[in-house]
Amino acid sequence: MIPFQDLKKTNSHLSDRYVDAARRVIESGRYINGSEVASFEKELASATGSRFCIAVSTGLDALRLILRGYMALGRLRDGDEVIVPANTFIATFLAVTDCGLTAMAADVEEGSYCLDFNKLPLSPLTRAVIPVHLFGRPCWSEESVSRLRSRGILIIEDNAQALGASLHGRKTGSLGDASAISFYPAKNIGAFGDAGAVLTDDASLSETVRMLANYGSSEKYRHELCGFNCRMDELQAAMLRVKLSDLPLITERRNHSAALYSALISNPHVSLPAQPEEGSVHAWHQYVIAHPRRNELREFLLSHGVGTEIHYPVACHRQPCYQSHHLLKTAPGGLPVAENLAERILSLPIADISDDEIRTMADLINRFS
Ligand SMILES: *Cc1c(COP(=O)(O)O)cnc(C)c1O
């Protein structure tokens, strides 16, 4: 049996250190807004080359806090359009519509599965673009981004899947105006529960997000903004500090596994994921292939004990919650690539698997006809 992902195995690596970290927090008597969160924020900012880091409750909240922060600062207003790639986890869309902003669903590229910067559905109402570094691949176009910025359009990275990735020496999460990270347990760096973070170089956004996440307050019992409670726990921060120290190794292992898959899969009906661009490091959160008879391939692998997943089986604009939703728009020409990919993509196991397991899976895939 090769399960798609085995979190117990993932977290067995440094288990003694997690237990020590948990004990340190329990014995400290401080469980919210203490020294573990403060240290984790410093360490994550330094690991990503960002000036400011705010540790928060979830990746979805990180995205919402960035958008609400820009709204509080007058950079975004009700009804403004935010471009979001249609092939992403639903959270990217939910953050936008929850803030009263319009999500403009955009198409993606065939090989990279990421937002297609050549087909951005720009309109006079466009105020922000959210590139998603999907599956860990840096999604960026320096040329498009500078054109967008010259029009005052904000670039907010959804870096939930790409911690550890980089482009020409700059880490994802530090490329745009602000970025959101998720530490959902199955992410490359996963917490023991929910957690997330916001990164930015913008001091006023950082201050606003920090306040919003803490009841709109920076001084006890004085509330500047109508905020939320979106804080990261000390316990999660202490555990995440242990895991963050392992990030380079985790990224290296995933790159090794992805390269081995790409070298061994030779079935002519299988499309492999695009190789990372020159000068970039992919975080390989998922290794995603495409096949015209994806469901049969998935059944075949399962019958041989191999678990797979589909990320994602339904493009976000096709989800039931967005049917005739007043804050959801789709690119005028439709989203043919995203809709077609949803029928063909298949994610293979990539977390903590051995070379032998990859050989077994590649053999099975090559035998499938
Ligand atoms: C996981 C994920 C999120 C949301 O993160 P949570 O911590 O689960 O709220 C947002 N965007 C993408 C692309 C994700 O993969």
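Order of appearance sets the numbers: ligands from 1, and atoms from 1 within every ligand.
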Open item on the list: Quick test of your reading of the model: are R137 and E109 salt-bridged, counting only N-O distances below 4.0 Å?
Closed with: no
Open item on the list: Which residues end up grouped with L327 if you chain together Ile, Leu, Val, Met, Phe, Trp and Tyr wherever their side-chain heavy atoms are less than 4.5 Å apart?
Closed with: none
- [ ] Using a cut-off of 6.0 Å, state whether more than 12 heavy atoms not belonging to K42 lie near its atom NZ.
- [x] no
Task: Salt-bridge contact R68-D98 (side-chain N to carboxylate O under 4.0 Å) - done: yes
Task: NZ or CZ of R64 within 45° of F228 ring axis and under 6.0 Å - done: yes
Task: Plane angle bin for F4 and H311 - parallel if under 30°, tilted between 30 and 60°, otherwise perpendicular - done: tilted
Find all protein N or O atoms under 3.5 angstrom from an N or O atom of ligand 1 and list the pairs with distances, or write 'none'.
from	atom 1	to	atom 2	distance (Å)
ligand 1	5 (O)	S182	OG	3.1
ligand 1	7 (O)	G59	N	2.8
ligand 1	7 (O)	S182	OG	2.7
ligand 1	9 (O)	G59	N	3.2
ligand 1	9 (O)	L60	N	2.8
ligand 1	11 (N)	D158	OD1	3.3
ligand 1	11 (N)	D158	OD2	2.8
ligand 1	15 (O)	Q161	NE2	2.8
ligand 1	15 (O)	K187	NZ	3.1

